[in-house]
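Scroll down for the structure; my scribbles are underneath it.
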Amino acid sequence: MSYEALTVRPVTPRIGAEVFGVDLTRPLSNRQTEELKNALADHLVLFFRDQPIDHESHKTLGRSFGELAIHSGVSGLPEHPEIVAIHADANSKYVAGENWHSDLTCNAEPPMGSILYLHTAPDYGGDTLFSSMYAAYEALSPRMKAYLEGLTAVHDGDHVYKPLFPDVDRKYPCSTHPVVRTHPVTGRKLIFVNSSYTTRIVEVPKEESNAILAFLYDHVKNPNFQVRFRWKPHSIAFWDNRCTQHLATWDYFPQTRSGYRVTVAGDKPF
Ligand code: SIN
């Protein structure tokens, strides 16, 4: 893919690219938007530096790629319900996203992407790891691919949010999606189960489901499928939530790591 409005520098062959030559704090041109969509399809997660974006511009940026989704698990900012704070400091008891996951796969229509901005980053540590679910699928044996074809799995929000918020009396979304999903833009197949939200494969006995999910959860951790992003203040990561999983490391306690995320709505997986 060639780009005229951006400079795109891959970080690994399978996943991740740094993007230069675009100011995300200002409205994007049509050309920039199209090229960012192409870059996201090619590289799955895009990294940007020196983007001190405010809440309105962050939402405008997200809306360039679709409608914004309201987070179904945690509340957004009082004045900006589409924006969730991502924050950890010396008083934190947990951080968001410490396990491998795709965002909000408990939703009937999980997000197409997330755009995370950090204004404060630890001096070192606090990296986010991303894994390509295309690469994970393509590395499976033909026999395992055939086995998984047509299976569906339950993704349960209670599994993630009830342990975090035991005092909150509410039911979180729960949805069933294909175990192998086809990306609506690229047409490529990918593994679409994750250890945070997915609780069982519907069509097989529970013990078999547990064993297959344990295999897949281990398989997606292969470093050959991954890229690791080292944050600096005012960096942005924009990931395609349909074909990646990510994990936020919490190795920087008691330092502060802080920012905001908007989520772009997606569609029903097939
Ligand atoms: C998340 O969206 O899961 C948080 C990612 C991060 O803080 O790096």
Side-chain angles (χ1 to χ4, degrees), residues 11 15-16 18 40 44-49 51 53 58-59 61-62 65 68-77 80-89 91-107 110-133 155 157 159-161 163-165 172-173 192-198 217 220-221 226-266:
V11 182
I15 179 167
E18 294 178 296
L40 194 64
L44 324 188
V45 53
L46 305 177
F47 306 122
F48 307 83
R49 299 292 186 192
Q51 306 282 343
I53 200 164
H58 198 172
K59 292 194 291 187
L61 174 64
F65 303 95
L68 298 187
I70 303 286
H71 199 293
S72 55
V74 298
S75 301
L77 303 182
H80 302 276
E82 310 91 338
I83 299 181
V84 292
I86 300 287
H87 180 90
D89 61 23
N91 300 312
S92 298
K93 301 282 182 284
Y94 74 93
V95 301
E98 267 193 285
N99 297 319
W100 281 105
H101 67 287
S102 307
D103 292 328
L104 295 167
T105 59
C106 57
N107 292 359
M112 97 26 115
S114 294
I115 304 176
L116 176 61
Y117 162 66
L118 290 193
H119 52 78
T120 305
D123 292 337
Y124 35 81
D127 297 356
T128 308
L129 281 63
F130 297 88
S131 185
S132 164
M133 292 304 102
H155 297 241
H159 190 243
V160 174
Y161 299 110
L164 291 179
F165 313 120
Y172 295 93
F192 198 64
V193 291
N194 66 85
S195 60
S196 290
Y197 289 100
T198 312
Y217 297 160
V220 303
K221 295 179 190 165
Q226 291 178 24
V227 66
R228 182 170 181 133
F229 186 50
R230 170 98 193 271
W231 291 92
K232 295 179 187 168
H234 308 298
S235 300
I236 286 179
F238 179 11
W239 58 91
D240 187 328
N241 192 58
R242 298 165 292 195
C243 57
T244 60
Q245 293 191 28
H246 58 281
L247 173 153
T249 54
W250 193 22
D251 53 359
Y252 52 90
F253 182 88
Q255 293 183 78
T256 299
R257 180 181 185 274
S258 194
Y260 301 99
R261 198 183 89 188
V262 300
T263 305
V264 183

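One-based numbering, in listed order, for ligands and for the atoms of each. Numbers here are sequence positions counted from 1.
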Tell me, which protein residue and heavy-atom name are nearest atom 4 (C) of ligand 1, and how many Å apart are they?
A96 O, 3.9 Å
Give the numbers and elements of all ligand 1 atoms closer than 4.0 Å to a heavy atom of T128.
6 (C), 8 (O)
Hey, does the side chain of H80 reach the backbone of I83 with a donor-acceptor pair shorter than 3.5 angstrom?
no
Which atoms of ligand 1 sit under 4.0 Å from any heavy atom of L116?
5 (C), 6 (C), 7 (O), 8 (O)
With heavy-atom distances below 4.5 Å as the criterion, would you say the side chains of H234 and R49 are in contact?
no
Give the numbers and elements of all ligand 1 atoms closer than 4.0 Å to a heavy atom of G97.
3 (O)
Note: ligand 1 atoms sitting under 4.0 Å from heavy atoms of H101 are 3 (O)
Atom 2 (O) of ligand 1 [closest protein heavy-atom partner, distance rounded to 0.1 Å]
R261 NH1, 2.6 Å
Taking NE2 in H159 as the centre, count heavy atoms belonging to other residues, nucleotides or ligands within less than 6.0 Å. Is the count above 12?
no
Could you tell me if Y197 and Y172 have a donor-acceptor pair between their side chains, going purely by distance under 3.5 Å?
no
Of all the heavy atoms in W239, does at least one lie under 4.0 Å from an atom in ligand 1?
yes
F47 side chain reached by F130 side chain, heavy atoms, under 4.5 Å:
yes
Look at D89 together with R257 and state whether they make a salt bridge at an N to O cut-off of under 4.0 Å.
no
In ligand 1, which numbered atoms sit nearer than 4.0 Å to a non-hydrogen atom of A248?
5 (C), 6 (C), 7 (O), 8 (O)
A student comparing Q245, R257, H71, H246 should find that the heavy atom closest to atom 7 (O) of ligand 1 comes from R257
Should you measure from each heavy atom of I86, which atoms of ligand 1 turn up under 4.0 Å away?
7 (O)
Can you tell me how far the CZ atom of F238 sits from the OG atom of S114, to the nearest 0.5 Å?
8.5 Å
